[in-house]
Engineer: 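Have a look at this one before I ask anything.
First the proteins, then the strands, lettered A, B, ... as listed; each starts at 1. It should be emphasised that the depicted structure is a prediction, and the values quoted were computed from it without experimental measurement.
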Amino acid sequence: MITKPRGTADIILGDVFKWRHIEGIFRQLCQEYNYHEVRTPIFEYTELFERGVGDTTDIVEKEMYTFLDRGGRSITLRPEGTASVVRAYLDNKLSSGLQPVKLWYYGPMFRYDRPQAGRFRQFHQLGAEVIGSEDPATDAELIAMLMSFYARLGLSNLRLDINSVGCPICRAELKIKLQDFFRPHMDRLCHHCQGRIDRNPLRILDCKVEACKTIGKDAPTTLDCLCRDCEDHFIKVKDHLNQINIPYNINGRMVRGLDYYTKTAFEIAAPEIGAQSAIGGGGRYDGLVESIGGNSTPGVGYALGVERILLAMENQKIAIPEEPALDVFIASADEQGSSMAFSLLETIRNKGISGDKDYLGRSLKSQMKHAGKTGCSLVVILGGQELSRGVAAVKDMRDGRQIELSVDKISEEIIKILGK
RNA sequence: GUGGGUGUAGCUCAGCUGGUUAGAGUACCAGAUUGUGGCUCUGGGGGUCGUGGGUUCAAGUCCCAUCAUCCACCCCA
C-alpha cells in the first residue's frame, strides 16, 4: 500500500464541502473589502524565502522543502504566502497601477515540521495583503476584516493580541536593552535562550520555559523602546480599532517568528484547539519589498490557517452547511427502463436538476434503498407496467406519496414539484 | 530535531496472566412469497492482527528494531 506522505491529508466527500464553505465566505469578504485575488506558483526560487522570510528564522533554517531541479536551480515549496505575493507585485510591476494594491490569496503551504494537533506539512492558508500604504488604518482594516471573517463563520471566544515590534531603529535599541537585562541571569535561562541572547534576544520574551518567563517578567518589551514614529503608528492603529469597537489585548511580549515584521504585529488564538492555537496572524512589513529587490514600499497583511479554523469550528460545535442532496433518482426494473432513465437524466440535468441512476444492475428494491440513502427528494420509477401505458411513477421521498405522470411531460412536472 | 501514547475488518473497538479455523458493533452487498426507501430480522463478502527480526512446543498477546499515527516540546497558520 502506498500511503500519503507524513503530515498531509486527503480531503474527501463531505469534508470538501466544509472547505468550500470557508473559502466561499472568505471570497465574499474580500470582495466587500475590495481585495483582489492573486494566484502565485506553489514553488519559488529558494532565495526569495531566504531573503524575504529571513535566514535566521526556524522556517528557513529547518522547515523548508528545498530541492535542486533538473537545471540545477534551488527550488523551494512555499512555506508562506507573503513573500510570493510581494515578488508577484514586483514581477508584474503592480506598483505602477492603482495604489495601494490590495490582494488576497489562497492555497497550500509547506513546512517540514513534526505533525501534531493543528500542524501539518502541507497546510492551507487564506491571506490578504495591502502593499503601498503606511496608513495605520490599513493595519486596522485588515484586523477588522479578519475578525469579521471569524464572526461570519460563527466562531467566538477568540483572543486578539496586538503588539508593535518597532522598526529596525527601535529594535536595535531594544536588543541592547534586552541583552543588558538578561546577561546577568544568563546561567538561569534555558539553553535555547542562552543562545538567543546574542542572536535574537526578542525571542526570549515569549519563551514558554518557566524559568525564562520568571526572569523575563520585568524585562523591557518591544513597547518600551518604540521610536516616535512607531509609537505614533501604534496609537493610531489602536484608535482605529476602538473606533469600530474591536476588543484587543495588548501583548508587548508577542514576537512573531518571521523576520520581516515591523511596527504592528497581531495574532488571533482559539485556545481550546490545542497547543497550536493561532488561527490567524500577521503584521506590517515595511522593509520586505526592499529586501527582495524593490523600492522601499510599506506593506501589511495576515494569513490564516484553514485546518485550524476547521478544528476550532468543530470544537465550538458550529454547524457547517451540508452539500445539497440529490434532487432525483431514476429507478428502473428492466433494460428498457434503464435505457430511458439514461436519456431522461440528460434532459433534467440540463435543466438544472441533479439526478442519478443505478449502474450496478440492482433490483428495484435495492435501487429504492440506495435512493433513500442519497437523500433525494424524488424517485422516478420507470417500470414495464408504467411504460406500457406511457406513464412513470413518481414517488416523493419526503412524504412517501406516489403519483403517475405522463412520460412526455415528466421533466417539466419534476421541475414544478421541486419548485425550481 | 527531542520526548510520551497508540497501531487487530472501510470506520469505532473487544481479544483475560501467550494455547486450536481472530470477534462485536457499524458501514457495504443480498434476501424476508419473484415491482417500492427509512424500522426490524436473516445471511454474505471483507483482516498476511503496521512491517521485519527474536524468545517459545506455541505469539494478535512477550522482547528488539523499523515505519506510521496521535499528543507535547520547539515553532507557527
Engineer: Hey, does A:I279 reach any base, or is it just sugar-phosphate, or nothing, if we go heavy atoms under 4.0 Å?
Structural biologist: sugar-phosphate
Engineer: When the C1' atoms of B:rC67 and B:rG53 are considered, how many whole Å apart are they?
Structural biologist: 14 Å
Engineer: Over all strands shown, is A:E386 touching base, sugar-phosphate only, or nothing at heavy-atom distances under 4.0 angstrom?
Structural biologist: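 Counting heavy atoms under 4.0 Å across all strands, the contact made by A:E386 includes a base.
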Engineer: Let's test this: given Watson-Crick or G-U wobble pairing with both distances under 3.5 Å, identify the partner of B:rU69.
Structural biologist: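 Looking at the geometry, B:rU69 pairs with B:rG5.
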Engineer: Are A:R121 and A:F110 in a cation-pi setup, meaning NZ or CZ lies under 6.0 angstrom from the ring centre and within 45 degrees of the ring axis?
Structural biologist: no
Engineer: Donor-acceptor check, side chain of A:N92 to backbone of A:A88, threshold 3.5 angstrom: yes or no?
Structural biologist: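 Here the side-chain-to-backbone pair exists.
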Engineer: Donor-acceptor check, side chain of A:S291 to backbone of A:L288, threshold 3.5 angstrom: yes or no?
Structural biologist: yes
Engineer: Is B:rG47 paired to anything, Watson-Crick or G-U wobble with both distances less than 3.5 Å, and if yes, which nucleotide?
Structural biologist: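 Here B:rG47 is not engaged in any pair, so there is no nucleotide opposite it.
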Engineer: Counting side-chain heavy atoms from C-beta on, which of B:rC29, B:rA77, B:rA32 comes nearest to A:F123?
Structural biologist: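 Minimum distance to the A:F123 side chain belongs to B:rA77.
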Engineer: Contact class for A:A303 (heavy atom, under 4.0 Å): base, sugar-phosphate, or nothing?
Structural biologist: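 A:A303: backbone/sugar contact only, no base atoms under 4.0 Å.
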Engineer: For A:G274, report the nucleic acid contact type (base, sugar-phosphate, nothing); a contact means any heavy atom under 4.0 Å.
Structural biologist: sugar-phosphate
Engineer: Can you find a donor-acceptor pair, distance only, under 3.5 Å between A:K395 side chain and B:rG37 base?
Structural biologist: yes
Engineer: Is it the case that atom OH in A:Y65 sees more than 12 heavy atoms from other parts of the structure closer than 6.0 Å?
Structural biologist: yes
Engineer: Tell me: CG of A:D358 to C1' of B:rC29, nearest whole Å?
Structural biologist: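 My rounded result for the distance is 13 Å.
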Engineer: Hunt down the Watson-Crick or G-U wobble partner of B:rG23, both distances under 3.5 Å, from any strand shown, or write none.
Structural biologist: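 Pairing partner, where one exists within any strand: B:rC13.
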Engineer: Rounded to whole angstrom, note down the P distance from B:rU55 over to B:rC16.
Structural biologist: 24 Å
Engineer: Taking atom C1' in both B:rC11 and B:rU69, what distance in whole Å separates the two?
Structural biologist: 16 Å
Engineer: Categorize A:E63 for me: base, sugar-phosphate, or nothing, with a 4.0 angstrom heavy-atom threshold over every strand shown.
Structural biologist: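 It contacts sugar-phosphate atoms only.
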Engineer: NA contact type, A:A117, heavy-atom cut-off 4.0 Å: base, sugar-phosphate, or nothing?
Structural biologist: sugar-phosphate
Engineer: Does any N or O in the side chain of A:R171 come within less than 3.5 Å of the main-chain N or O of A:V165, such that one atom is a donor and the other an acceptor?
Structural biologist: yes
Engineer: Checking all strands, does A:G7 fall into the base, sugar-phosphate, or nothing category for heavy-atom contacts under 4.0 angstrom?
Structural biologist: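 The answer is sugar-phosphate, as A:G7 gets under 4.0 Å only of primed atoms, P, OP1 or OP2.
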Engineer: Please check this pair: side chain of A:Q336 against backbone of A:G384, looking for a donor-acceptor N/O pair closer than 3.5 Å.
Structural biologist: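 Such a contact is absent between A:Q336 side chain and A:G384 backbone.
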Engineer: Could one point to a donor on the side chain of A:E61 or the base of B:rG1 with an acceptor on the other under 3.5 Å away?
Structural biologist: no
Engineer: Side-chain donor or acceptor of A:R119 under 3.5 Å from a matching atom on the base of B:rC74?
Structural biologist: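 Answer yes: a donor N or O sits under 3.5 Å from an acceptor.
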Engineer: Could you give the OH-to-C1' distance, from A:Y112 to B:rA77, as a whole number of Å?
Structural biologist: 20 Å
Engineer: Taking OH from A:Y105 and C1' from B:rA77, how many angstroms apart are they, rounded to a whole number?
Structural biologist: 9 Å
Engineer: Suppose you measure atom P in B:rG31 against the same atom in B:rU36; what distance do you get, rounded to whole Å?
Structural biologist: 11 Å
Engineer: Return yes if the base of B:rU36 and the side-chain atoms of A:Q367 contain a donor-acceptor N/O pair under 3.5 Å, otherwise no.
Structural biologist: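 Not at all, since no donor on one side and acceptor on the other fall under 3.5 Å apart.
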Engineer: Let's see if you can work this out: which of B:rA68, B:rC71, B:rA77 has an atom nearest to the side-chain heavy atoms of A:L258?
Structural biologist: B:rA77
Engineer: Within the 4.0 Å heavy-atom criterion, would you say A:R362 contacts the bases, only the backbone, or no part of the nucleic acid?
Structural biologist: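 Sugar-phosphate contact only.
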Engineer: For A:R114 and B:rU69, give me the distance from atom CZ to atom P, rounded to whole Å.
Structural biologist: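 Distance, rounded to whole Å: 10 Å.
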Engineer: Roughly how many Å is it from CG in A:L360 to P in B:rG45, rounded to a whole number?
Structural biologist: 20 Å
Engineer: Could you tell me how far apart A:H370 (NE2) and B:rU36 (C1') are, to the nearest whole angstrom?
Structural biologist: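 About 15 Å, once rounded to whole Å.
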Engineer: Distance between the C1' atoms of B:rU21 and B:rG60, in whole angstroms?
Structural biologist: 15 Å
Engineer: Taking atom C1' of B:rU2 as reference, at what distance in whole Å does atom CG of A:D113 sit?
Structural biologist: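 Computing the A:D113:CG to B:rU2:C1' distance gives 13 Å.
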Engineer: Does A:Y359 have A:K357 sitting over its ring (NZ/CZ under 6.0 Å from centre, angle to axis within 45°)?
Structural biologist: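 Judged by the rule (NZ or CZ under 6.0 Å from the ring centre, within 45° of its axis), A:K357 counts as positioned above A:Y359.
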Engineer: Do A:Q116 and B:rC74 have a side chain to base donor-acceptor pair shorter than 3.5 Å?
Structural biologist: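 Donor-acceptor pair under 3.5 Å: yes.
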Engineer: Whom does B:rU33 pair with, Watson-Crick or G-U wobble, provided both distances fall under 3.5 Å?
Structural biologist: none
Engineer: Starting from the 5' end of RNA chain B, give me the residue, A:S363 or A:K373, whose nearest nucleotide shows up first.
Structural biologist: A:K373
Engineer: Checking all strands, does A:G281 fall into the base, sugar-phosphate, or nothing category for heavy-atom contacts under 4.0 angstrom?
Structural biologist: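 Answer is sugar-phosphate: A:G281 comes under 4.0 Å of backbone atoms only.
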Engineer: Using the C1' atom in both, what is the distance from B:rA68 to B:rU51, to the nearest Å?
Structural biologist: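 Roughly 10 Å separates the two C1' atoms.
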Engineer: Looking only at atom P, what distance separates B:rC29 and B:rG15, rounded to whole Å?
Structural biologist: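 Nearest-Å result for B:rC29 against B:rG15 at atom P: 31 Å.
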Engineer: Ignoring the backbone of A:K365, work out which of B:rA30, B:rA72, B:rA32 is nearest its side chain.
Structural biologist: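 Within the option list, the nearest is B:rA32.
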Engineer: In this structure, how many angstroms lie between the P atom of B:rA77 and the CG atom of A:D161, rounded?
Structural biologist: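 Taking atom P of B:rA77 as the reference, CG of A:D161 is at 14 Å.
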Engineer: Using the C1' atoms only, state how far B:rA14 lies from B:rG1, rounded to an integer number of Å.
Structural biologist: 38 Å
Engineer: Judged by each residue's nearest nucleotide on RNA chain B, which is more toward the 5′ side, A:C376 or A:S366?
Structural biologist: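 Result of the comparison: A:S366.
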Engineer: Could you tell me whether a side-chain N or O of A:R308 sits under 3.5 Å from a main-chain N or O of A:A278, the two making a donor and an acceptor?
Structural biologist: yes
